[in-house]
Each structure stands twice: as structure tokens, then as C-alpha cells.
Protein chains: 2
Amino acid sequence: MSDANLRRSWVTSANGHADFPLQNLPLGLFSPAGQAPRAGVAIGDEILDLDAAGRAGLLEGDALRAAQAATRDGLNALFALGAGPRRALREALLALLDADHSRAAELAGANLLHRQADCRLHLPARIGDYTDFYVGIHHAVNVGKLFRPDNPLLPNYKYVPIGYHGRASTVGLGDVDIRRPNGQTLKPGATEPGFGPSQRLDYELELGVWIGPGNAQGESIPIARARDHVAGFCLLNDWSARDLQAWEYQPLGPFLSKSFATTVSPWVVTPEALEPFRSAQPARPEGDPQPLPYLYDEGDQQAGALNIELEVLLLTEGMREAGLAPERLGLSNTLNMYWTVAQMVTHHSVNGCKLQPGDLLGSGTLSGPERSQFGSLLEITEGGKQPLTLANGETRSFLQDGDEIILRARCVREGHASIGFGECRGKVVAAG
Amino acid sequence: MSDANLRRSWVTSANGHADFPLQNLPLGLFSPAGQAPRAGVAIGDEILDLDAAGRAGLLEGDALRAAQAATRDGLNALFALGAGPRRALREALLALLDADHSRAAELAGANLLHRQADCRLHLPARIGDYTDFYVGIHHAVNVGKLFRPDNPLLPNYKYVPIGYHGRASTVGLGDVDIRRPNGQTLKPGATEPGFGPSQRLDYELELGVWIGPGNAQGESIPIARARDHVAGFCLLNDWSARDLQAWEYQPLGPFLSKSFATTVSPWVVTPEALEPFRSAQPARPEGDPQPLPYLYDEGDQQAGALNIELEVLLLTEGMREAGLAPERLGLSNTLNMYWTVAQMVTHHSVNGCKLQPGDLLGSGTLSGPERSQFGSLLEITEGGKQPLTLANGETRSFLQDGDEIILRARCVREGHASIGFGECRGKVVAAG
């Protein structure tokens, strides 16, 4: 196995690539300059054009079917095919792009590749519905503490994978700047709200989940089958206006405080690529209730937990002008999820809610227990009370105009080529 | 004017029709038996095929453009055209269908019409996002009283048009039965939740709003322009599982308690058809704060309030077997909205949230102040404590399997032909 796990590609930039070695092969939607969107796979600094590979006769059977299912609107139909064709495509591409391929030199000259730097990336799928969960238990505790110091977690948290419906129309790649939202806020001590640009703009570090086949309305997805309905993963920044949120969220939850923008990373990292990086499912803390039977599956537990390192970085206008590199604000891990992705999928559908190919789930903010692992400024600055001092002397309670937030993710394991997710970037600009 | 308001059609079933006289002309998407979906206008017991009318050379200019904008997927592109072409189409159809049309006999033989009873109706548009508001103040008070008897309205209610994101994938016409949802509930006195079919299944009587042109992300719709972004109206039943809702809704709002099903009426009643039925905007109760400036427009106030009578009826299995007619559970009116539709639209976009053609807004439950005007069983039975006795002796705390809920709406004004919305129907079936 270890040979396969370290296989090299004839796409030389892939070998040792921080994000996209041969072992990753994430799916995406891209346009070469002046051309229509199409499906591709990131490999090193290049993108393999799946349609071109198909037309060149390099794919067959299920792999060909998967490669040709995408349209210029997105990968929805590819996601709908489920795990079988997606795996077949992966196996075919692992062989096709292998440095030991007998026709490697010929393939390198066959116009299958486009330089990423010359392409435009698109949202990988038309998002039918976007749902944001709240499965980062440290985040839930940290936020709960700000409101209820003695009793931060609500009674339902350890039974219910809490989630809410988000806004699909404003999910994007961050290639359009994030305009600071206007809205109503109640200033401390005030009895009437004011209106204006949010003064407490924040990011949230999340894992995104792209849904595969899905279920019919009125049916549900049993936990033992839930993993078959996950097409892949991305990074997700759930931009949040904390002052709008505090004033609006009772009794029906977050609304305008979130719906102005959500940013995802462009590449869909497949479950297959993440498989080697799973680690033992962390035991529930002693005294925590067992999941209700509909949320428990031995296979789900034995599949292990996603073990993905998640990082948030900040690049301020000041850093940019001084030529400084982005500064890390937090380093966390998907091991901080209290519920598995399978549990999220099954819970979401247990009432008969229809999940569709291309639906997007967010995990909720995935903070670790330490301050250096927090996934939002709300947590790092304790609701703005403890401003953060950056290496260049700037301070932040919340985000300022010109601030760019960069999310990164990485999977590392001895004897395996590391893989990454690429970046999820978004820059804040002044309110309109 | 009064002549125009009572004009008759050569489609004789339209004259005196409870819902669809010449003065209504609501838009919809329908399939004649065995044929592809297309846009149509309800007229009496018939549907005028807009594409056929266009091809027959009976429409021109903006009216033709509007008639031909729809696709088999829905009226989204027609909604996107905005008020001008929609009004042009209305004017053209008013003339075309008028009993006094010089070629009335010829038109009647021109295969422009399909009998509604022979057609299948479809969701009128692809819904990008569905948002549910909470602008029925009596409902907010009634529900608040169940939780906080002394202080039913939260402090934000009279400043913020409260809303939350709903689930678009399960909005339908009710032609598929409503399957009772399974989920977690906490029984009174229990410390741990159980799992099973909801025991407190309810309806909510709402007005639906179809969005027209919309706005770009990062921009907003000023209140003075908000009415230009409304394509039309429908009835909406926000099916709700109260026991799931009570256990899941803190801190992020309703989720699975609502996402199993939402039902709308098939026909899109235009703002033009409702125009004659607007009445003076009710004054805000004394002592209530004025809306913040971004939510206040003199033109919006002067346009008047929607004055639409809303009715909920119940048809139980027992009534069906005994051949009884549905029984009225509540009779309310859109005058019970605390915020105007323009205020909802402007508030929704004020943070830069992108609204798109075919997005759907719900008003929230529109109860009146009296029990006979309540728009949900939660309110009528005081959370199940005061079961309702029906005329046939049956009782209901919440809905039972086999119960069918029928919503109707009607606009009446002296000297004008009354118009209706058609029905919004949905029948509950047992959990899976």
C-alpha cells in the first residue's frame, strides 16, 4: 500500500504539491480563458479537463459516465451518480495520471491540462438548499458562555445535531468581495435599535459537505447509508454580523446576520481522498448520552472520524501594504465535531426533508478547546472584550474593511502524501 | 371604471367564477394531458395557453415577451421581467378575453384553452430560496403567550420584520400527501427525548409572495422600489410539527419541525389583480415605534394594505366518509400583517442578501385577534390544552392522519368582480 500512497504523477507540479498531489484529485468546475465552464480535477498546478479526457478515449464505463455527467451549470448530475461512478473515475484518473503510465509522455502533450492560474473557477454545483449545522461543541460552549456562563450548552445539544436553514443565493467562492452588511443593532444600554453597517463582523471556520444522491420527500436516509449520500467536502466561511445576530435572532434564529455572504473553497475533496486520513472516532465524554438509535451505526463509528487540520489566517490592509504574510488566527481540526457527517445527513432527512445532489451542509464553527484553536473572533476576543493584538501591532475585536480571511485545510499521515483543500478566501469591503 | 371592473369574458365559466373571473388572470405552470409544462393563465374553469396565444399572433410587444419568457421549468424568467411586461400581458389578455372582443367566437374556437380539470398544475417557479417571515402580530402574541404569558412579544418584534430561512426543496402544491414527520421530542416531565412520529402536527395559514427581478449580492432594494420586485401572491401552508419544534428550536430556530413540507396554491395572483382590493393601511397602535427610516416609505403607506380574506378548512376522514363538506377552522385577513410586503422585501435585502426571481416569501401565520380568526391549531387549542370540537362530534388538538387542510383566499369589494386564489390543499398521511 505505501507505494500506492506515495505514487507520483507525470504532472510534475503535483509531486509534493501542498494541496493537489496525485492522491487528492478533487473535483471542480472551471473555465479556461474565454471558454465555457466544464468539470475538472485539480492536479498540482494544473486542471485536468474531464470532458477532454473523455473525448480523447482515455476513460470508459462508469468513469466515463462520471466524467461526462457534469454540465456547464455544475457537478450536480455527477454528484447524483453516487459513490460507484465517482470511485471508478478516481481509479481511472489515478492510473491515467501516474508517472509510470506507459504513455506518460504522449499524455503530457495531449492538451488535457489547463494551468489553474489561467482558469476561472466556479461554484462547483447549483446549490438547491444550504443548511448550517452547529456540531462544533467547543464553539457551542464558547458562544453559550457569553450568554449563560453557568450553563453554556442547551439541554438539546447532546441529543440533536442542531442546524438551521441558510441562504443558498449568497454562497460563493469569495471572488466577489464581502460587502459589510447594513442592519439593525441594539447598542449596549439603548432601548431602541439603530441602523448602519455592522460593527461586529466575523468569520466562522467550517467544513462544508456536498450532498450526493439524496432522498425523496417523505423518505429518509438511514444512518448506515448516509455516507453514500456525501459527494465531497470543502472549506466554508460562514461570515457573521454578531451585532445584527444578537438583535434579530429571537425567536426564529439567525437571518440577515448570516445571509449576506457565505464563502466556500472551489474544489470538492472526495470521501475517497480523505479515507486514509480518518482516525479513531473520539469517545463521547463520560456521562454524555448515547445517540438515539436512528443516529447510531456501528459502521459509521468504525469508519472513524474525519481528521482534517483547519486553519484560519488574516491578511489586513496593513500587512498587505507592508508585504507581510497572512497571520494565523486559529488552527483547529474536524475532530472537534460532536456529530459525524453521517449523523448530520441522517438527522436532516429523518423528518422526510428532501436532500438533493448539490445541496450544501456546513458543519458549524469547528473550534478546538484552546484559544489558539478558536474558529471565530467572537470566541478569540470573548465577544470583543479582549481585542487580539497582531504581530504587526494592529489590533482586532472584529473584522475591519480591507481584511481578508483565508481558510486552509490539510490532511497529514506518515507514509502518505499529504493533501490539502486549496484556499477559501474572502475580503471585506466597506458597507454600501 | 365600474364597467371595466365588472367586464365579462367570452369564456363563460369565468363570469361570476369564485376565483378566476376576467379581472384576476393569475399566472401558472400547467401540462395538458401528456404534454410538456407551459405557462398559462386561469380564466374560469379553463387555462389560457400563453405560448399558444403568442404563436397565434394574438400578443405583441412586451405582452408577447412576457408570454414567451416562461420555460417548462417555471415562470422565473417572466418574473424577472418585472412589472412592465407583466402589466402589458394583463392588458392584452383583458382585451383578448373580453366578451366584447370583435372576434370572440373565432377565439373560442382557436384551441387556446385547456380545461383545468384535464391539466396537471406544477409549482409555478423554481424556488431558489424560501424565506418565512413572522409578520402576523396576533400569531406572534398568541404563540408568545404560551411561553411568556406576561410578555408575549419579544423586544425586537416592532422594529424587525422577523424571518428565517426555510427549506426550498420541500415546497410543493400538496399533490403529494403530507407524510407525518418523525423526529425527536421531549415529553412533558421527561429528561431525555424520545423518537417517533410527531404528535402535534399543525398547519399555518400564510400569504406567499413570489419575488420578481431581485437584487445583486451586496446591493439592497430601497423601500420605494420594493413593490417592483413582487411578481405575485399565493396561499402558503407552513406545516409545523410543534413537538419537534419545541425541542429543537433553541438556539438556531425551526429546522426539521418545518422542513418536511410547505404547500402553496398553484396560481400566482398578480399585484395588478389585487390593486382594487387594497384598503387604507391600518395605523400602528398608539405607542408603537415608527418603522426605522429604511423601512418607511410614504408611497408604500399610501398604496394601502392588502385586504385579502383568508380561510382555513378541515376535511377529516370521518367527514369524507359521511359526505360532509369541509369545516372552517379560521377566517382571517391579510390586514393582520404588522409589516407590509414592501417592508419584508426591503428588510430581507438590506444586508446585501441577493433576492432572485422565483424566490418565495411566506408572511408567517396571519391570525386575527379572535379565536375564530386564528391561523393554526396551536393557537385555537392553546397548545393542545383546549381541544376543538367539530360539528360532527370529532375533536382535534392537532392534526390526525387522513386530515386534509384547505386554504382559500378571496377579495371582495362593492362594484368589483370578486376574485379568489384557488385552493391550497394538503392531506396528512401516516409517518413512514
Side-chain angles (χ1 to χ4, degrees), chain A residues 128-129 131-132 134 144 154-156 159-160 162-170 172 176-179 181-184 186 192-195 198 217-220 241 244 247-257 259-261 289 292-294 347-348 350-356 359 432, chain B residues 128-129 131-132 134 144 154-156 159-160 162-170 172 176-179 181-184 186 192-195 198 217-220 241 244 247-257 259-261 289 292-294 347-348 350-356 359 432:
Chain A
D129 282 283
T131 302
D132 202 19
Y134 196 57
L154 291 165
N156 57 11
Y159 295 95
V160 181
I162 295 288
Y164 68 101
H165 306 295
R167 180 80 190 177
S169 72
T170 48
V176 176
D177 287 337
I178 308 302
R179 188 166 294 284
N182 287 308
Q184 291 191 31
L186 191 70
E192 300 209 336
F195 177 82
S198 168
Q217 185 168 354
E219 300 184 359
S220 61
L244 274 60
W247 175 234
E248 76 172 359
Y249 93 107
Q250 290 285 14
L252 300 181
F255 181 41
L256 302 189
S257 54
S259 64
F260 57 96
L292 292 179
Y294 81 96
H347 181 68
H348 201 323
V350 75
N351 66 339
C353 178
K354 177 161 70 171
L355 304 187
Q356 300 184 99
D359 283 348
Chain B
D129 281 282
T131 302
D132 202 18
Y134 196 56
L154 290 166
N156 56 11
Y159 296 96
V160 181
I162 296 287
Y164 69 101
H165 307 296
R167 181 80 191 177
S169 72
T170 47
V176 176
D177 286 339
I178 308 302
R179 188 166 293 285
N182 288 307
Q184 291 191 32
L186 190 70
E192 300 209 337
F195 177 81
S198 169
Q217 184 168 355
E219 298 183 0
S220 61
L244 275 59
W247 175 234
E248 75 170 2
Y249 92 105
Q250 290 285 16
L252 300 181
F255 181 41
L256 302 190
S257 54
S259 64
F260 58 97
L292 291 180
Y294 81 98
H347 182 67
H348 201 324
V350 76
N351 67 340
C353 178
K354 178 163 68 174
L355 303 187
Q356 301 182 101
D359 283 349

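Letters A, B, ... are given to chains in the order of the sequence lines, protein chains preceding strands, and every chain is numbered from 1. What you see is a predicted model; the values in this text were computed from it and never measured. All values below come from the heavy atoms of this structure, side chains included, with hydrogens, waters and symmetry mates left out.
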Interface moiety of [X] toward chain B, non-hydrogen atoms closer than 4.5 Å:
X      : value
A/L154 : side chain
A/D177 : neither
A/Q217 : side chain
A/L256 : both
A/E219 : neither
A/A241 : neither
A/Y294 : side chain
A/S220 : neither

Under a 4.5 Å cutoff for heavy-atom pairs, which residue among [options] has the most contacts with chain B?
options                        : value
A/P155, A/P193, A/G128, A/G172 : A/P193
A/Y164, A/F260, A/Y159         : A/Y159
A/G163, A/P293, A/S198         : A/G163
A/V350, A/L252, A/L292, A/L186 : A/L252
A/P289, A/P254, A/G432         : A/P254
A/G352, A/S257, A/P251         : A/P251

Where is the tightest heavy-atom contact between [X] and [Y], given as atom of each residue plus distance?
X      : Y      : result
B/W247 : A/N156 : O-ND2, 2.9 Å
B/R167 : A/Q356 : NH2-N, 4.5 Å
A/G166 : B/D129 : O-OD1, 4.2 Å
B/I162 : A/E248 : CD1-O, 3.7 Å
A/G218 : B/R179 : O-CD, 3.1 Å

For this session: Just do the side chain to side chain contact (heavy atoms under 4.5 Å, CB included) check on A/T131 and B/F255 with the steps written out, would you?
Result: CA-CA 9 Å; A/T131 302; B/F255 181 41; 3.5 Å; yes

Exercise. Hey, are B/D359 and B/K354 close enough for a salt bridge, meaning a charged N less than 4.0 Å from a carboxylate O?
Worked result: no

Seminar exercise, completed: Note: vs chain A, highest number of non-hydrogen pairs under 4.5 angstrom among B/Y249, B/Y134, B/F195 is B/F195

Exercise. In terms of heavy-atom pairs under 4.5 Å with chain A, which of B/H347, B/H348, B/Q184 leads?
Worked result: B/Q184

Problem set entry | Region of B/L355 in contact with chain A, defined by heavy-atom distances below 4.5 Å | both

Exercise. Quick one: does B/T170's side chain have a donor or acceptor within less than 3.5 Å of a partner on B/S259's backbone?
Worked result: yes

